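As the structure is a prediction and not an experimental result, all values here were calculated from the model. All ligand and atom numbering here is 1-based and tracks the order in the structure.
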Amino acid sequence: MDAIEVIVAKRDGGELTAAQIDWVIDAYVRGEVADEQMSALAMAILLNGMNRREIAGWTQAMIRSGERMDWSALDRPTADKHSTGGVGDKITLPLAPLVAACGAYVPQLSGRGLGHTGGTLDKLESIPGWRASLSNEEMLGVLRAAGAVVCAAGSGLAPADKKLYALRDVTGTVESIPLIASSIMSKKIAEGTGSLVLDVKVGSGAFMKTPERARELAETMVALGTDAGVRTVALLTAMDRPLGRAVGNALEVEESVEVLAGGGPSDVVELTVRLAREMLEAAGVAGKDPADALRDGSAMDAWRRMIAAQGGDPDGLLPRAAESMTVEAPGSGVLVRLDAYAVGLAAWRLGAGRARKEDPVSAGAGITLHAKPGDLVRAGQPLLTLHADETGRFERALEALRGGYEVGPAGGEPLPLVIDRITAGA
Ligand code: URA
């Protein structure tokens, strides 16, 4: 077999055979298929798509390129959640210990932020001492001690995806539903979780800008998980505005701890509890209701154990940015719109995110929201506080926010927080 034959088949709108898919992924990892050939194939896939059989074969080939983790030594079911990424999306932080407190194990491999969306590992690394890199034995130890572990994926997990994702990032081929679905699901299936809840974000701050595209991605991923024996369900959730009132690494940890203490913004609490119930149902664990575990302190206890087991100090002081500035409401009325993408871009420019994989992030940088869409505001009242390590960052952040919020007479309805639920065969 050779790479040109595979590229031409897809370029001309054909279906790839199982043998072609297996060969091209394996040969790419071995270096026999060159980056420029894989780029051409990725572009042909982006333009011409893949059917369900091809996507399933592509996903399985990427799983086979590395190790597959196994949690069968544990005495309770495993459940995980994956979010396609958004602005202010810190849900994993309260969710993982919450689900652990309700009786399932949560082995979660997470990523770092790129562009305007934040990454769970960057957020947790703002906790003094906390370590993202664990061996498989250490992961098992943290799971046994705390019921939940959130850490970086090792280099042995789906190496084909690692190589391909880096290539897609620089060749304009990220936004392909078959490639996104197979990339996410190869890692989640290789991670070995028994059940999975997908939080597919919809709106300006998300990969998928419309409910139709998000639904197609969700259905594809649910089918892949189900076919691989992972009980999988997806929620489509709103990302037209930021989630919660904090955007930025340490700021989001602080807000997550508020949720674990029984407080926190209502949208973060609602989505955390809803996803926890979905995870417990998918894992077949009945018993404690997540809302009770937030109230009675058991989720907070699991959080403290989880952070401490990864070297972190749950009572450690979180870093704060040296500088801040306030953006005031331009008039009186209803905050009709607060655009997730504008806020995410501004937080990124303040230092909360990175432009390249190797860049550091600022733990303290970010944005505090003093009002959410639908709230009444008065002219001159604080709308947002920007936080950065240097004042020089404020101007470009303000530029990103220009046109990103609007105060007026009562406006249209925002997207509901949970837009839809997708299950296998539905
Ligand atoms: N996240 C992934 O892991 N892969 C993609 O392709 C997109 C988002």
Contact atoms of ligand 1, heavy-atom distance to Ser183 under 4.0 Å:
2 (C), 3 (O), 4 (N), 5 (C), 6 (O)

Atom 8 (C) of ligand 1: which protein heavy atom is closest, and how many Å away?
Phe207 CE1, 3.4 Å

Identify which of Ile177, Thr173, Ile184 has a heavy atom lying nearest to atom 1 (N) of ligand 1.
Ile184

Contact check, side chains of Pro360 and Arg354, non-hydrogen atoms, under 4.5 Å:
no

Taking side chain as C-beta onward, heavy atoms only, is Leu345 less than 4.5 Å from Val87?
no

Would you check the N or O atoms of Tyr165, main chain and side chain alike, for any that come under 3.5 Å of an N or O of ligand 1?
no

Donor-acceptor pair, distance only, cut-off 3.5 Å: does the side chain of Lys81 make one with the backbone of Ile91?
no

Please confirm whether Asp161 comes within less than 3.5 Å of ligand 1 when only nitrogen or oxygen atoms on both sides are compared.
no

Which protein non-hydrogen atom lies closest to atom 3 (O) of ligand 1, naming both residue and atom, and how far is it?
Lys187 NZ, 2.5 Å

Hey, could you give me the NZ/CG distance between Lys372 and Asp267, rounded to the nearest 0.5 Å?
3.5 Å

Is the number of heavy atoms from other residues, nucleotides or ligands within 6.0 Å of CG (Leu47) greater than 12?
yes

